[in-house]
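Residue numbers begin at 1 in each chain, while the letters A, B, ... track the order of the sequences.
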Amino acid sequence: MLDSQLFRQDLNALAEKLAAKGFQLPIERLSNLETERKSCQTKTQQLQSDRNNRSKAIGKAKASGQDISEIMASVADLGEQLKQSEERLEEIQRELQSILLTVPNLPHESVPIGKSEENNREERRWGTPKQFDFTPKDHVDLANQKGLDFETAAKITGARFVVMKGNMAKLHRALIQFMLDLHSKEHGYTEIYVPYMVNAESLLGTGQLPKFEADLFSIPQQGLYLIPTAEVPVTNILRDEIVNLEELPLKFVCHTPCFRSEAGAYGKDTRGMIRQHQFEKVELVQFVTPDRSYQALEELTHHAETILQRLDLPYRTMSLCSGDLGFSAAKTYDLEVWLPGQQKYREISSCSNFEAFQARRMKARFRKAQGEKPELLHTLNGSGLAVGRTLVAILENYQQSDGKIAIPSVLQPYLNGLQVLE
RNA sequence: GGAGAGAUGGCAGAGCGGUUUAAUGCGGCGGUCUUGAAAACCGUUGUGGGCUUGUACCCCACCGGGGGUUCGAAUCCCUCUCUCUCCGCCA
């Protein structure tokens, strides 16, 4: 959420900035609501003040045994007036709030302006796509005899799920372990375990609600949702909290399954495990002071890149343009890994700085020193990495002419020294 | 699943319809004293919002969440959530 003060100033300037993100600000409606809010709030508070004073007077008069009928009469009409005023104010504020909750974050000044992913800016490339002396297969063709089983998953659940068996399942697990270990041992993240179901407040805090309910799996009976990313439970750890400056930065690494309905992606990536309803992800989350959040974004992105480098997977780093930025993000780097089966770079990580956007929704704050006013934190997160897609990248990049798949050396210790997946 | 108890400021803990917009203690911060520190003493110490060019002042809201009764609610009523104790069940 943006600072509500912004909506009381130059709405046209604000609207212009939001237009870069493809959002149309309802200027007239906002300015009308804001005008009415101001007069209604002032009036309501005046009435409340009146009521408080008269009620106190009644209390005192009663205690000293005086006649209170006169004061009681003077207060008679106040009640109804106050009630109406309070109800109207509440209505206005609810409306304002419901608009504010659907306004996306503003892009950072360093973000390229553009409409779609074609306008994303390539920041750097790492590694060279391997030249195969045969036609590389995609992961589905490669793995259907090696333990990736979409048909069984379709039977027991439905489309966009997978069953993994034997060494394929172990390789998948090894990736998770490798990523968690690297980030916690070398990058200073604290490993954390969280619930895979969250309440609506948490989703509101990180920005998935109220706008993107259709993308979620929900459990209406209990009023819970399956998490679409660990970002939701982990970031909400600091909801309604005030932390001390000395505790910052807070850095968490967390492995969870992620559940996404993929509504609106019906035709996309139907083959294989690029786009599943359930997938594993290792997520990096940071809470930092506002002055160093952009430095933290560079660091966090580098932490995610390190995984790809250690696995020797070629990738490129893209800076998303304004129109391609997510709802809550001020700036995002996507990491795209090379997939020989598709002859394309495909997203495998997304690293974002949300500035105070999520923190304001969550009331996640820090205090510089005893007695100082609390300030909003900046929150960041990034995949480090999406595990399913990393598995795909390994299968496709490490395939051999004999159809077997070499195991990256950094993973072998996690697989009892296994060198080849047959 | 059954029975009961509870949720108050950073923490502990009183208040159970007005005279307190929450007593007291601990902790934090500032000061006095001291070569310095401790102790003692004095003062101060929640969050959000409104008004305001900004500050100060002033005002409003907040005693787990929501709703109600009342001129007036931390206090009474309803409801939800969470915590604890006992019983049952259980990985």
| Using the C1' atom in both, what is the distance from rG1(B) to rC76(B), to the nearest Å? | 31 Å
| Salt bridge present between Glu262(A) and Arg160(A) (N-O < 4.0 angstrom) | no
| query | Looking only at atom P, what distance separates rC41(B) and rC82(B), rounded to whole Å? | reply | 45 Å
| message | Taking only the P atom of each, what is the distance from rC42(B) to rU24(B) in whole angstrom? | response | 13 Å
| request: Using modelled atom types only, decide if a donor and an acceptor are shared between the side chain of Asp324(A) and the backbone of Leu320(A) within a distance under 3.5 Å. | output: no
| message | Less than 4.0 angstrom from a charged side-chain N to a carboxylate O is my criterion; do Glu299(A) and Arg292(A) meet it? | response | yes
| message | For His108(A) together with Tyr294(A), are the ring centres under 6.0 Å from each other? | response | yes
| task | Determine the Euclidean distance between corresponding C1' atoms of rG50(B) and rA38(B); express it in Å to zero decimal places. | result | 46 Å
| task | Report the distance from atom CD1 of Ile242(A) to atom P of rG9(B), rounded to the nearest whole Å. | result | 13 Å
| request: Indicate, with a heavy-atom threshold strictly under 4.0 Å, whether Lys43(A) touches base, sugar-phosphate, or nothing. | output: nothing
| request: Go along nucleotides 50-72 of chain B 5' to 3' and tag each nucleotide: B for a protein heavy atom under 4.0 Å from its base, S when only backbone or sugar atoms are that close, - otherwise. | output: SSS------BSS---------BS
| query | Do the ring centers of His277(A) and Phe217(A) come within less than 6.0 Å of each other? | reply | yes
| field | Short side-chain N/O contact to rC29(B) OP1/OP2 from Arg367(A), under 4.0 Å | value | no
| query | How many Å lie between CG on Leu100(A) and P on rG49(B), as a whole number? | reply | 13 Å
| remark: To the nearest angstrom, the CD-P distance between Glu247(A) and rG10(B) comes to 15 Å
| Is there a donor-acceptor pair under 3.5 Å between the side chain of Ser352(A) and the backbone N or O of Phe354(A)? | no
| field | rC86(B) versus rG72(B) - spacing of their C1' atoms, nearest Å | value | 41 Å
| field | C1'-based separation of rG65(B) from rU70(B) [nearest Å] | value | 22 Å
| field | 5'-to-3' dot-bracket of RNA chain B (Watson-Crick, G-U; under 3.5 angstrom; crossing pairs as [ ]; | other strand) | value | ((((((((.[[[..)..(.....]]]((((((.......))))))(((((.......))))).[[[[[..)....]]]]])))))))....
| said: Quick check on the 6.0 Å ring-centre criterion: do Phe259(A) and Tyr196(A) meet it? | reply: no
| request: Mind calculating the distance between CG (Leu89(A)) and C1' (rG49(B)) to the nearest angstrom? | output: 11 Å
| Pair Ser350(A)-Asp334(A), side-chain hydrogen bond (donor to acceptor under 3.5 Å, both in side chains): steps then yes or no | CA-CA 4 Å; Ser350(A) 193; Asp334(A) 270 6; 2.8 Å; yes
| Per the side-chain hydrogen bond (donor to acceptor under 3.5 Å, both in side chains) rule, which among His172(A), His255(A), Arg173(A) passes with Glu280(A)? | His255(A)
| message | Please give the distance between the P atoms of rA23(B) and rA14(B) as a whole number of Å. | response | 15 Å
| message | Using atom P in both nucleotides, what's the gap between rU19(B) and rC26(B) to the nearest angstrom? | response | 27 Å
